[in-house]
Amino acid sequence: MLLSKLKKQVQSVEDEPPLSLLDLPDLVLESIFRRLPPQSLCRLSQTCRNLRMKCRSDEIWEPLFHQRWGKIIGPTAFTALERMAKGENARILNRSYMPSCFWMLPLTCIWSFSRHNDKALLEEPSERFASMYSDLESGKLWFPAQVYNRQQGHVGFLLSCYDAELNYVRDSDTFCARYSPYYPRVIMEDGIPWARIRKPPVDTSPSEFHNPDIAEEFRPGDHIEVQWKRCQYFPYGWWYGIVGHAANCTRDDQDCKCHLDEVLWLEFRQYIRDSRWRKVPIKRKRSREDSSGLDGFYGGIRKLFSEDEISTWLQLWPKESLQ
């Protein structure tokens, strides 16, 4: 009798439907998803429509996006990526079929494709971070950023930072750069590591003069970036320097009046003392570029307050002094 009762209990348990991952509470599911890497989220999103919807939410992907791309994607690039992602979603939903080769890329599973009920997916809450992450990771999009020591650290660009359009190359975990179109020809560079890329600190086009910080704030010893270009029709790059003392200054902190002088002395200490590039005078109060004849054109100046910014420049310091 006891044996018969046990058999019935076992049979009852076996007849119950198996538990699904979707049977877990939403908070538990979200906690699990937040601990998964992007690749696992992509694979999980392919299992069913419900998991796809949950795995693609902005709540899950926004932290992943900023962790991966936040240091090099500025506000201008982010706005452009959002606009392109929305346009891509609308274009995709107008397709009548899916190409069979689409699923070959590891991360393309997070793009806005579905074989059924695509209209419902478009009307769901935003999935923009998942789409932007995918587009960047797959190298589908170019985005604006700035490159330190361009052209593989060519001596003519050491301790400078230039605007470029960048494209991520996943196989090598590096970037390809397409430099400003203001040059007579397009200049490309491959194999750029993450450490040589930053998001633009100011919203100024490389063809425009940057309105400088309050000039009176610049004092000897301040770390700065100054716009400079060789020819008038070239784009500006940002060059690292330090505010120096005037030639007749005693360099005594109590007696120094350099911050009141109409001339601002910029020092580029990567050059030897006798170099013509070592120390340059420019007008402290100005609203347009200064021409130094053969030494090019100087634009706006920005003072560096962040220790991280200063530290980045110092890490790029050349091993030997330049001529």
Side-chain angles (χ1 to χ4, degrees), residues 64-92 105 107-108 110-111 128-154 156-210 225-240 297 299-300 302 309 312-313 316:
L64 294 172
F65 179 89
H66 290 299
Q67 180 182 358
R68 175 70 165 166
W69 303 101
K71 291 184 178 181
I72 62 175
I73 298 293
T76 301
F78 185 81
T79 301
L81 288 172
E82 277 191 308
R83 186 166 55 249
M84 287 185 282
K86 291 178 181 178
E88 178 66 12
N89 287 345
R91 184 178 65 84
I92 287 167
L105 292 176
L107 288 180
T108 52
I110 62 176
W111 290 351
R128 55 179 181 163
F129 285 99
S131 297
M132 289 188 295
Y133 191 109
S134 170
D135 290 343
L136 289 169
E137 190 75 25
S138 63
K140 179 180 178 182
L141 298 179
W142 293 76
F143 63 94
Q146 293 180 345
V147 180
Y148 292 104
N149 292 359
R150 56 176 286 182
Q151 292 176 233
Q152 305 298 334
H154 186 280
F157 294 102
L158 289 177
L159 291 190
S160 70
C161 198
Y162 276 78
D163 287 83
E165 291 183 331
L166 295 175
N167 178 260
Y168 178 63
V169 182
R170 187 169 51 207
D171 292 341
S172 60
D173 191 29
T174 60
F175 293 84
C176 175
R178 185 168 56 198
Y179 289 104
S180 176
Y182 298 100
Y183 281 107
R185 59 187 178 85
V186 176
I187 299 176
M188 306 288 291
E189 180 182 355
D190 297 321
I192 302 172
W194 288 77
R196 285 178 50 209
I197 298 173
R198 74 173 183 182
K199 57 186 175 184
V202 294
D203 187 19
T204 303
S205 166
S207 64
E208 298 175 351
F209 177 90
H210 172 67
E225 291 178 11
V226 59
Q227 287 179 307
W228 181 86
K229 57 185 178 180
R230 166 70 79 174
C231 301
Q232 195 164 18
Y233 57 85
F234 277 9
Y236 283 117
W238 288 98
W239 293 75
Y240 170 75
F297 298 82
R302 59 180 295 264
E309 280 190 295
T312 299
W313 282 113
L316 297 168

Go through I72 and L166 one step at a time and tell me if the side-chain contact (heavy atoms from CB on, under 4.5 Å) criterion holds. CA-CA 10 Å; I72 62 175; L166 295 175; 5.8 Å; no

Just how far is it from atom CZ of F234 to atom CH2 of W228, taken to the nearest 0.5 Å? 9.5 Å

Are the side chain of Q227 and the backbone N or O of E208 linked by a donor-acceptor pair below 3.5 Å? yes

For the residue pair V202 and W238, establish whether any side-chain heavy-atom pair is separated by less than 4.5 Å. yes

Quick test of your reading of the model: are E225 and R198 salt-bridged, counting only N-O distances below 4.0 Å? yes

If you look at every heavy atom in R68 and W194, which pair is closest and at what distance? O-CZ3, 3.3 Å

K229 side, atom NZ; Y162 side, atom OH - distance, nearest 0.5 Å: 10.5 Å

How far apart are the closest heavy atoms of F143 and I73, and which atoms are they? CD1-CD1, 3.4 Å

Taking the six-membered ring for Trp, are H210 and Y236 closer than 6.0 Å centroid to centroid? no

Side-chain contact, heavy-atom cut-off 4.5 Å: R302 with E309? yes

Is the shortest side-chain heavy-atom distance between E189 and H154 below 4.5 Å? no

Taking everything shown except D203 itself, do over 12 heavy atoms lie less than 6.0 Å from its CG? no

Determine whether the aromatic ring centres of W69 and Y168 lie less than 6.0 Å apart. yes

Nearest non-hydrogen partners of I192 and A177, listed with the distance: CD1-CB, 3.3 Å

So how far is it from Y133 OH to L64 CG, rounded to the nearest 0.5 Å? 6.5 Å

Geometric cation-pi criterion, R150 with F157: 6.0 Å, 45°: yes

Determine, stepwise, if the pair Y233 / F297 fulfils ring-ring contact (aromatic ring centres under 6.0 Å, His included). CA-CA 10 Å; Y233 57 85; F297 298 82; 9.6 Å; no

Please check this pair: side chain of D135 against backbone of K140, looking for a donor-acceptor N/O pair closer than 3.5 Å. no

Backbone N or O of G70 within a donor-acceptor pair of the K199 side chain at under 3.5 Å? yes

I need the R128 CZ to F65 CZ distance, nearest 0.5 Å. 9.5 Å

Would you say the side chain of F209 lies within less than 4.5 Å of the side chain of T204, judging by non-hydrogen atoms? no

Y148 ring center near Y240 ring center (under 6.0 Å): no

Testing the basics here: between N149 and L159, what is the closest heavy-atom pair and its distance to 0.1 Å? OD1-N, 2.7 Å

Verdict with supporting geometry, Q152 and R196, side-chain contact (heavy atoms from CB on, under 4.5 Å): CA-CA 10 Å; Q152 305 298 334; R196 285 178 50 209; 4.0 Å; yes

Taking C-beta and beyond as the side chain, do N167 and L141 meet within less than 4.5 Å on heavy atoms? no

Heavy atoms of D190 and C176 approach each other most closely as OD1-SG, 3.1 Å

Please evaluate residues Y179 and V186 with respect to the criterion side-chain contact (heavy atoms from CB on, under 4.5 Å), reporting the C-alpha separation (whole Å), side-chain torsions for both, the decisive distance (0.1 Å), and the verdict. CA-CA 7 Å; Y179 289 104; V186 176; over 6 Å; no

Going by the salt bridge (charged side-chain N to carboxylate O under 4.0 Å, His left out) test, which pairs reach into residues 156-167, not counting sequence neighbours? E165-R178

Test side-chain contact (heavy atoms from CB on, under 4.5 Å) applied to Q146 and S160, P206, P201, the passing residue: P201

Looking at G299 and V226, what are the two nearest heavy atoms and their distance? O-CG2, 4.2 Å

